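Working notes, beginning with the structure itself.
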Amino acid sequence: NAGVTQTPKFQVLKTGQSMTLQCAQDMNHNSMYWYRQDPGMGLRLIYYSASEGTTDKGEVPNGYNVSRLNKREFSLRLESAAPSQTSVYFCASSPRDSSFNQPQHFGDGTRLSIL
Amino acid sequence: QQQVKQSPQSLIVQKGGISIINCAYENTAFDYFPWYQQFPGKGPALLIAIRPDVSEKKVGRFTISFNKSAKQFSLHIMDSQPGDSATYFCAARGGPYSGAGSYQLTFGKGTKLSVIP
C-alpha cells in the first residue's frame, strides 16, 4: 500500500520554465491537497480538491494551477516558475466524512529549486 | 493573520527529559486538533489528535493537553528519546479555507526538537 505518491522527488528549474508536479493516492480518498513548506513558515495550503471535479484556492494560490484528473490524481502546475516558488511541495489526501479519526495523509514531498 | 501560533521554534532536551510544545488558536470553529511529526526528507505523519471536548489524551509517551477556555493546547513527550528528534507541527481543523466536504488543516509553524543523549 503506497499511500500518497509524489513525482518527481527533486527538480531544478530556471526562472520562467513551466512544470507539473504529480500526486496520486491509492486510499480511495475523496479530498486532496497541495501544500508548500518553507523554513519557519510551516505548511501553507496552495489548493485543495474536496472531491473529484472540484478545486478551490487555499492560502497561497498565486502562480499555481491544479487539476483533479480523477479520484486518484491531483496535479499542481507552475506556468512560469519564479525563484519565490523554491520550496518543498507536499500533497495530502483525506477521506470525505466527518469521522474524528480521519487524518490527512501526506506524501514525501517534491523538492523544487528555481534558479 | 496567523490562525495557529506554535512555540518554541526549536527545543533541545536531554534524553529522558520532558519535551513540551505549545500552541494557541483564535478561531472557536476549529473542531479537531492533530499533531504531526516530520522527519527530515519525509512528509508529516499524524502523531496524536484530540477533540475540544476532551482535556487530555495520551498515547504511549505522547500526551496532548487541551484548554478550551484559554484556546491553547500542548504536546508533552515524556522520557524523550533521540529517535523523537524531528519537527513537530500542531494543527487545527476548520478555518478560512474550509469548504463543504473537505476538512482543512491550519498548521502552526513547527518546532524542531533535538533530543541529545
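This structure is a prediction, so every number in the text was calculated from the model and none was measured. Chain A is the first sequence line, chain B the second, and so forth, proteins listed ahead of strands; every chain is numbered from 1.
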Closest non-hydrogen atom pair, A:Gly42 against B:Phe89: CA-CE2, 3.7 Å

Same cluster (ILVMFWY, side-chain, under 4.5 Å), B:Ile18 and B:Leu113: no

Tell me which donor-acceptor pairs under 3.5 Å the side chains of residues 58-69 of chain B have, and how far apart each pair is, sequence neighbours excluded?
{"unit_1": "B:Arg61", "atom_1": "NH1", "unit_2": "B:Met78", "atom_2": "O", "d": "3.1"}
{"unit_1": "B:Arg61", "atom_1": "NH1", "unit_2": "B:Asp79", "atom_2": "O", "d": "3.2"}
{"unit_1": "B:Arg61", "atom_1": "NH1", "unit_2": "B:Asp84", "atom_2": "OD2", "d": "2.8"}
{"unit_1": "B:Arg61", "atom_1": "NH2", "unit_2": "B:Asp84", "atom_2": "OD1", "d": "2.9"}
{"unit_1": "B:Arg61", "atom_1": "NH2", "unit_2": "B:Asp84", "atom_2": "OD2", "d": "3.2"}
{"unit_1": "B:Asn67", "atom_1": "OD1", "unit_2": "B:Ser69", "atom_2": "N", "d": "3.3"}
{"unit_1": "B:Asn67", "atom_1": "OD1", "unit_2": "B:Ser69", "atom_2": "OG", "d": "2.8"}
{"unit_1": "B:Asn67", "atom_1": "OD1", "unit_2": "B:Ala70", "atom_2": "N", "d": "3.0"}

Hydrophobic cluster membership, B:Val54 vs B:Leu75, 4.5 Å side-chain cutoff: yes

Within one Ile-Leu-Val-Met-Phe-Trp-Tyr cluster: B:Val115 and B:Phe39, side-chain cutoff 4.5 Å: no

Residues, nucleotides or ligands: over 12 heavy atoms within 6.0 Å of A:Leu69 CG: yes

Exceeds 12 heavy-atom contacts within 6.0 angstrom, atom NZ of A:Lys71: yes

Residue-level interface, residues 106-115 of chain A with chain B, non-hydrogen cut-off under 4.5 Å: A:Phe106, A:Gly107, A:Asp108, A:Arg111

Residues in salt bridge (Lys or Arg N to Asp or Glu O under 4.0 Å) contact with B:Lys71, at least two apart in sequence or another chain: B:Glu26

Hydrophobic cluster identity match, A:Leu13 and A:Val66, side-chain contacts under 4.5 Å: yes

Heavy-atom contact with chain A under 4.5 Å, split by part of B:Pro44: both

Part of A:Gln37 within contact of chain B (heavy atom distance under 4.5 Å): side chain

With A:Thr20 via side chain to side chain donor-acceptor pair (under 3.5 Å) - residues at least two apart: A:Arg77

CZ on B:Phe107 to CD on A:Gln104, rounded to 0.5 Å: 6.0 Å

Side chain to side chain, A:Tyr35 and B:Leu105, heavy atoms closer than 4.5 Å: yes

Distance-minimising heavy-atom pair for A:Phe90 and B:Gln38: CZ-NE2, 3.3 Å

